[in-house]
Every structure is written in C-alpha cells, then in structure tokens.
S.K.: 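Starting off with a structure, shown below.
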There are 2 protein chains.
Amino acid sequence: MKDSKGQILKISLLLFLQKGFKEVTMNEIVKSSGFSKGAFYHYFSSKEEVFKEVIDVYFKQMLHLDYETLPSDSLKSFYQANLDIHKKRDKMIRSWYQETFEGDFPNNIYYILFDALRLLPEVREQQQKRIKAEVKAWEKVIEKARANDEIKTILSSENLAKQFVYSSDGIALHMVMISSSAELIDEVKTVWESLYKSIKT
Amino acid sequence: MKDSKGQILKISLLLFLQKGFKEVTMNEIVKSSGFSKGAFYHYFSSKEEVFKEVIDVYFKQMLHLDYETLPSDSLKSFYQANLDIHKKRDKMIRSWYQETFEGDFPNNIYYILFDALRLLPEVREQQQKRIKAEVKAWEKVIEKARANDEIKTILSSENLAKQFVYSSDGIALHMVMISSSAELIDEVKTVWESLYKSIKT
DNA sequence: TCTTTAAAACCGACCATTCGGTCTGTGTTA
DNA sequence: TAACACAGACCGAATGGTCGGTTTTAAAGA
C-alpha cells in the first residue's frame with residue numbers, strides 16, 4: 001500500500017515547519033512530494049485543508065504530552081522522562097526530514113504554530129488549555145516532591161513550575177534564533193538539572 | 001515637514017508585526033499608510049527593501065539593550081531597570097498601533113524576527129551576538145551581587161543568568177500564544193521577583 | 001511680490017508573473 | 001467496468017512592480 005496521502009501530508013509538514021503557511025506554494029508541495037496537482041487535489045480540497053490536517057495529525061501530538069503517564073513519584077524522574085520524550089520526537093522528525101531533503105533541518109516549530117494560531121481559531125483555545133495543564137502537571141509533581149522532602153525551596157510551587165516550563169520554552173526560542181535546534185534538548189537538560197540541584201535537599 | 005517615508009515605514013512595521021513578511025501585501029501597506037503605489041516606490045525600491053529598513057530602523061533597537069547604561073550595583077536594580085525599559089517600549093509601540101488601527105494590537109514580535117532571520121542573513125549573526133551579550137551582562141551583575149552578599153545560591157552565575165534570560169523569553173512566547181502580550185511584562189516581573197526572592201540573602 | 005521652473009512628491013491604471021485551484025484525460029486496481 | 005489514483009495543461013485572481021502623467025514645493029529671477 002502506497003499511502004500517497006500520508007506522504008503528501010508529511011512533506012507538507014516539513015515544508016510548513018521551514019517557512020510557514022503562506023510562503024509554501026502548491027507547486028513546492030506537489031514537486032517535493034513527487035506527485036502532481038491532480039493527485040494533491042484528489043486527496044485534499046485546498047491548501048488550507050492540508051495545513052489543517054497537518055496541524056491535526058502531526059502538530060498537536062508533537063506538542064501534546066500525556067502527563068498522566070509520566071512518572072510522578074519524583075521531580076527528577078518527571079523532568080527526565082519529559083526530556084526523553086522530546087528527544088525521541090526530535091529524532092523522529094529529523095529522520096523524516098533527511099528522507100526527503102538534504103542539509104540541515106531548518107526547524108522552526110514556532111513559525112508553524114503562529115500560523116496555526118492565526119488561521120485556525122480552535123488551536124488558540126487548545127493551546128491555552130495545554131499550557132495551563134502543563135503548569136498544573138509540574139505543580140502537582142513539585143508539591144509531591146516537596147512533601148516527600150525531595151526538594152526544599154521558598155519558591156511557591158506555581159512559580160517553580162513556571163521556572164521549569166518557561167525556561168524550556170525560552171531555550172527553544174533561543175535555539176530557533178541561532179538555528180541550532182539540535183542542541184536544544186541538551187541545553188534544556190543543563191538548565192533543568194542546575195535548577196533541580198539548587199532546590200534538592 | 002511630512003516625513004512620508006517615516007510614515008510608510010512605521011505602518012509597515014505594524015503590519016509585519018501582525019502577519020510577517022509574506023502575508024502583508026503592497027496594497028495593504030499603501031492603503032494603510034494613506035499613500036499610493038507611486039509614493040511607495042518613490043521612497044523604496046521593493047517590498048524587501050522596506051522590510052529590511054523596518055528591521056534596521058525599528059526592530060534592532062526594539063531588541064537592543066545597552067547593558068552598560070543599566071544600573072549594575074545590584075541584581076535587583078538591574079532587573080528592575082530591565083523591566084522598566086521593556087515596559088516603556090511596549091507602551092510606545094502600542095500607542096503607535098492605536099494611532100492607525102483599531103482594536104487589540106496582535107503583536108507577535110517573533111513572527112517578524114523569524115522572517116528577518118530567514119530573509120536577512122546578517123540578522124542571524126547579530127542576534128547570536130546579542131544573546132551572548134545578554135547572558136554575559138546578567139552573569140556579570142550576578143557575580144557582583146554574589147560578591148556583595150546580595151544573593152546566595154549554589155547555582156553557577158551562568159546558569160542563574162540563563163534562568164533569568166530564558167524565563168523572560170519563555171514568558172514572551174507564552175503570551176504570544178495566548179495573545180495577551182499586554183500582560184507580558186507583569187508576568188516576567190512576577191517570575192523574576194520570585195526567582196530573586198529565592199536566592200537573596 | 002509675482003512669475004518661472006525644475007525637482008520632488010505623488011497618483012493610479014497598467015503589466016508580467018505567480019499563485020491556488022480546475023478540468024479533461026489516462027492508466028491502474030479490484 | 002466502474003471506481004480510484006494520478007498527470008499536467010490551463011484558468012482567473014491576486015501580487016509585486018512599472019510608468020506616464022499630475023500636483024506640490026521651493027528656490028531663483030524679474
């Protein structure tokens with residue numbers, strides 16, 4: 001089975017990740033995926049639709065983390081598991097890129113996110129919920145870690161949770177800016193570890 | 001004196017801040033600024049050029065901070081001065097926006113930055129230098145604060161500096177995502193203050 | 001002060017190209 | 001043999017950019 005639709009979808013994702021919605025043209029999508037306009041419009045009704053589907057199929061799960069399944073017995077194992085998942089995802093999308101394109105992967109996850117926020121109203125809501133859930137999940141783990149005497153700090157759990165969440169996003173942003181997203185996870189690790197060390201009992 | 005060129009430049013900045021380079025059309029620029037194509041091309045040779053000039057004139061100074069002039073006698077006064085400057089800049093650009101457009105200012109500073117990074121090679125270099133200088137400046141102040149017994153932490157100065165820098169960028173990103181950049185500075189203030197409290201002697 | 005004049009400022013119809021999208025036709029599969 | 005999977009020439013709309021012409025400005029001349 002050829003899964004042409006899946007192929008087009010994947011290529012579209014990679015293109016949108018590089019340049020955002022508007023800058024990617026139909027001819028690019030069609031050529032890069034090795035199909036024709038006819039094939040494309042056989043599977044999708046418009047450029048908007050393929051973008052929407054890219055967001056639905058790939059992007060949401062790229063950002064989504066099921067915090068229930070992460071180990072919450074200690075803050076350390078929690079952030080380590082967090083790092084592992086992101087490392088895996090990064091690897092996967094990089095290998096996808098190299099199947100089709102050459103050179104470095106100019107990954108800018110935020111570019112496509114901004115487009116999604118602007119073009120797809122429901123994404124904004126979901127994103128807000130996601131962020132809140134993320135901070136809440138960290139908070140919960142932190143509370144527990146505090147109760148278990150794993151950590152000790154005068155920071156409120158909320159603010160400490162924010163430190164973890166915000167720092168990772170800040171780093172991601174910096175990496176995009178200096179175009180070395182490959183080093184992203186390692187830098188997050190360094191910062192999180194140092195933050196952890198400073199609060200652990 | 002009318003400074004038509006300046007007017008066009010300012011409007012272009014505001015438009016690019018909303019939608020990025022590609023999504024803004026010449027007709028939009030021309031209409032919003034109240035001129036004609038003829039006027040525009042009298043002052044600029046192309047859409048690319050006005051973008052370049054927008055980055056040169058406005059954007060670089062929006063990101064630039066002259067750390068030499070900031071008070072470095074204490075970490076507290078340093079980050080407070082930092083907040084003040086950003087507050088002022090935010091106010092200014094908001095008032096510009098309301099001179100011409102109505103409703104909320106859909107400010108996404110990163111969208112235009114990403115375009116600049118992609119379209120103007122020299123911006124990437126400058127941005128890398130800027131980031132390095134920023135962390136260095138924080139480090140220096142932190143070292144001093146440590147020597148003066150203002151703060152006490154097992155965190156290295158570098159990592160602590162990164163905490164401050166990364167957290168502010170992470171927050172900025174979150175605010176863009178939930179489209180409430182008006183609350184940005186206050187949230188940065190909260191997080192920085194809590195971080196400060198946790199390390200001050 | 002009025003007139004001349006040339007450059008600067010500005011207008012908007014128009015142009016070439018590119019864009020997203022359509023449509024007719026052909027090979028393939030079940 | 002009918003539905004599916006694709007190819008690619010083609011289309012109208014939109015885009016960035018041009019150009020001939022008009023108005024405004026301001027310095028110079030009378």
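Chain letters run A, B, ... following the sequence lines, proteins first and then strands; every chain starts at 1. Just so it is clear, the structure is predicted and the values come from calculations on it, not from any experiment.
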S.K.: Please produce a list of atom pairs where a protein N or O lies less than 3.5 Å from an N or O of nucleotides 23-27 of chain D.
M.R.:
none

S.K.: Strictly by salt bridge (charged side-chain N to carboxylate O under 4.0 Å, His left out), give each pair with a member in residues 160-179 of chain B just once, sequence neighbours left out.
M.R.: A:E187-B:K162, B:E158-B:K162
S.K.: Side-chain atoms of residues 128-140 of chain B: list all donor-acceptor pairs with protein atoms under 3.5 Å, sequence neighbours left out, distances to 0.1 Å.
M.R.:
| residue | atom | partner | partner atom | Å |
| --- | --- | --- | --- | --- |
| B:R130 | NE | B:L63 | O | 3.3 |
| B:R130 | NH1 | B:Q127 | OE1 | 2.9 |

S.K.: Can you sort out the partners of B:Q126 under side chain to side chain donor-acceptor pair (under 3.5 Å), two or more places apart, ordered by chain and number?
M.R.: B:K60
S.K.: Is there any salt bridge (charged side-chain N to carboxylate O under 4.0 Å, His left out) pair reaching into residues 69-89 of chain A, and which pairs are they, with sequence neighbours excluded?
M.R.: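 The answer is A:K87-A:D186.
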S.K.: Under the salt bridge (Lys or Arg N to Asp or Glu O under 4.0 Å) test, which residues partner B:K37, sequence neighbours left out?
M.R.: none
S.K.: Among residues 27-53 of chain B, which residues get a heavy atom nearer than 4.0 Å to DNA chain C?
M.R.: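 B:F35, B:S36, B:K37, B:G38, B:A39, B:H42, B:Y43, in order of number.
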S.K.: Which residue pairs pass the salt bridge (charged side-chain N to carboxylate O under 4.0 Å, His left out) test when at least one of the two sits in residues 38-55 of chain B, sequence neighbours left out?
M.R.: B:K5-B:E53
S.K.: Looking at DNA chain D, which of residues 12-23 of chain B put a heavy atom within less than 4.0 Å of it?
M.R.: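 Within residues 12-23 of chain B, no residue comes under 4.0 Å of DNA chain D.
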S.K.: Pair up each side-chain donor or acceptor in residues 24-31 of chain A with any protein partner under 3.5 Å, not counting sequence neighbours, and list the distances.
M.R.:
| residue | atom | partner | partner atom | Å |
| --- | --- | --- | --- | --- |
| A:T25 | OG1 | A:E28 | N | 3.2 |
| A:E28 | OE1 | A:K19 | NZ | 3.1 |
| A:E28 | OE1 | A:T25 | N | 3.1 |
| A:E28 | OE2 | A:K19 | NZ | 2.6 |

S.K.: List for me each residue that meets side chain to side chain donor-acceptor pair (under 3.5 Å) alongside A:T100, sequence neighbours excluded, and say none if there are none.
M.R.: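 Checked A:T100 against side chain to side chain donor-acceptor pair (under 3.5 Å); zero matches.
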S.K.: Quick one: list whatever passes side chain to side chain donor-acceptor pair (under 3.5 Å) with B:S198, sequence neighbours left out.
M.R.: none
